[in-house]
S.K.: 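Please find one structure pasted underneath; my questions will follow.
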Number of protein chains: 2
Amino acid sequence: MSADSTRTKILAAASELFLEGGLAALSVRAIAKRASMSTIGIYSQFEGKQGVLDALYIEGFEMVAKAMEQTGEGLTPKQRVISSCEAYLDVAENFNAHYRLIFGAADDTYSPSPEAHNVAASAFKGLLMLTAETMPDDTAQDDIRARAIEVWAALHGYVGLRQHQVSSEADIDNWRELALATIDKLLAG
Amino acid sequence: MSADSTRTKILAAASELFLEGGLAALSVRAIAKRASMSTIGIYSQFEGKQGVLDALYIEGFEMVAKAMEQTGEGLTPKQRVISSCEAYLDVAENFNAHYRLIFGAADDTYSPSPEAHNVAASAFKGLLMLTAETMPDDTAQDDIRARAIEVWAALHGYVGLRQHQVSSEADIDNWRELALATIDKLLAG
DNA sequence: TATAGTCTATAACACTGTTATATTTGGTGT
DNA sequence: ACACCAAATATAACAGTGTTATAGACTATA
């Protein structure tokens, strides 16, 4: 078997386990078992668990970046941002384990590689360009950046609160709506 | 030695280790060693690591709740909210490990107890009351709640992005300022 | 003082990530 | 086709984790 297909098989196994049971289910031995290979294989193809987590990190951030790159035809700039935000919320919901790996980082044993960091930066750049179009052409770069961070912070904040369920009386289906309303308000300001 | 002082000694040791090295440094054996007792002592006084984490969770959320209960004399309602938000950002910065335990939850092995959940709910209630005073008296409860969630989401989002450092060109000292500006904008809307 | 009961200490179990030591495999050069 | 070398593999082990069973010491009551 080629080295490349071995890598993809490991990643597929890891991604499956990750979606099923989150980070707790993602042990090196479990990945190897599901990929029908020996434990040490993970260390041959990747640099141990770090490498696998890095691949999942990149996988997750690429989905986020993709959400930010949505090019809706015939939509106003503001509508395009809103549409991207909806896609962002979808990713956070459907790939919760990935999202928590990306932003949680509660596991001190893992820190993303430079390559992973690049994917993260490019995702932010996508939002930056989307945001720029909703503002006057002569807007200062710092102001655009502040607006983009503002939007992302609101999105991320809603996702985080939803995961936490800080208010037990919360109406779950309402969160999406609230988040998008806030984004709309921020874009208008 | 009384059982109560044993508990406090364990909690002090755990809190120290937690601040020093985060969740990774918080092993049952390390806690026991620093508290000068046997490993099994953690299981006598608490229900294992779950119990210790729960205590730290409550410790952290009580700090957040305290920030939300700030009663600034001679300040307008809006100024009081801003002031509480500053206190919130301070807690998130100075007790980062606690904050990540509260909101990160990437470690699937721990889930907060009902008591811990109550402390969380009371913290939210604090923000809810602060927020209510910034709005007209006849504002619907749902709208107040939405506004409070909006503020908390923005705060939490900025903290999360700052921890993540999603934009490498970020000017750290600027984050606080940006966050407070967003809050101000949201309260005005 | 004797005894009951709780707390504690030692060691073990099943798991984690990682690595050293063989062993087998695959491809290349003659 | 045979020999050789390099790379991937398998087995087992090491140090660490949370947790628990068994045996010991200590306190407090009868």
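Bear in mind the structure is a predicted one, so any value in this text is a computation, not a measurement. Each chain gets a letter, A, B and so on, in the order its sequence line appears, and its residues count up from 1.
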S.K.: Output all residues satisfying side chain to side chain contact (heavy atoms under 4.5 Å, CB included) with B:S84, sequence neighbours left out; order by chain, then residue number.
M.R.: B:Q70, B:L130
S.K.: Can you give one letter per nucleotide of nucleotides 13-22 of chain D, 5' to 3': B if a protein heavy atom sits under 4.0 Å from the base, S if only from the sugar-phosphate, - if neither?
M.R.: B---BBBB--
S.K.: Test of understanding: with salt bridge (charged side-chain N to carboxylate O under 4.0 Å, His left out), list the residues that count as partners of B:R29, not counting sequence neighbours.
M.R.: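 Per chain and number, B:R29 pairs via salt bridge (charged side-chain N to carboxylate O under 4.0 Å, His left out) with no residue.
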S.K.: Listed by chain and number, what are the salt bridge (charged side-chain N to carboxylate O under 4.0 Å, His left out) partners of B:E69, not counting sequence neighbours?
M.R.: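 Scan of B:E69 (salt bridge (charged side-chain N to carboxylate O under 4.0 Å, His left out), adjacent residues dropped) gives none.
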S.K.: Would you list the protein and nucleotides 25-27 of chain C atom pairs, both N or O, that sit under 3.5 Å from each other?
M.R.:
none

S.K.: Quick one: list whatever passes side-chain hydrogen bond (donor to acceptor under 3.5 Å, both in side chains) with B:D90, sequence neighbours left out.
M.R.: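 Testing B:D90 for side-chain hydrogen bond (donor to acceptor under 3.5 Å, both in side chains), a comparison that skips the adjacent residues, returns B:R176.
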S.K.: Connecting only ILVMFWY residues whose side-chain heavy atoms lie within less than 4.5 Å of each other, what is the rest of B:M129's hydrophobic cluster?
M.R.: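 Hydrophobic cluster check, B:M129: no partners found.
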S.K.: Keeping the roles fixed (side chain from A:R147, backbone from A:A132), state whether a donor-acceptor pair exists under 3.5 Å.
M.R.: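 No.
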S.K.: Rounded to whole Å, please give me the gap between CE in B:M37 and P in C:dT6.
M.R.: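 Interatomic distance, CE of B:M37 to P of C:dT6: 18 Å.
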S.K.: Could you work out, with side chain to side chain contact (heavy atoms under 4.5 Å, CB included) as the rule, every residue matching A:V28, not counting sequence neighbours?
M.R.: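 Result, side chain to side chain contact (heavy atoms under 4.5 Å, CB included) vs A:V28: A:T39, A:I42, A:Y43, A:K49.
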S.K.: For A:E177, enumerate each residue passing the salt bridge (charged side-chain N to carboxylate O under 4.0 Å, His left out) test, keeping only those at least two apart in sequence or located in another chain.
M.R.: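 If we apply the salt bridge (charged side-chain N to carboxylate O under 4.0 Å, His left out) test to A:E177, skipping adjacent residues, there are no hits.
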S.K.: Got a sec, which pairs hit side-chain hydrogen bond (donor to acceptor under 3.5 Å, both in side chains) with one end in residues 130-139 of chain B, sequence neighbours left out?
M.R.: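 Those involving residues 130-139 of chain B are B:R80-B:E133.
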S.K.: Who pairs with B:Y88 by side-chain hydrogen bond (donor to acceptor under 3.5 Å, both in side chains), at least two apart in sequence or on another chain?
M.R.: B:Y99, B:W152
S.K.: Output the rounded distance in Å from CD1 (A:I42) to P (D:dT11).
M.R.: 15 Å
S.K.: Between protein and nucleic acid, restricted to nucleotides 26-28 of chain D and to nitrogen or oxygen atoms under 3.5 Å apart, what atom pairs and distances do you find?
M.R.:
none

S.K.: Please report the distance, rounded to the nearest Å, between CZ in A:F46 and P in D:dT9.
M.R.: 12 Å
S.K.: Quickly work out the A:R7 CZ to D:dT9 P distance and round it to whole Å.
M.R.: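 Value for this atom pair: 13 Å.
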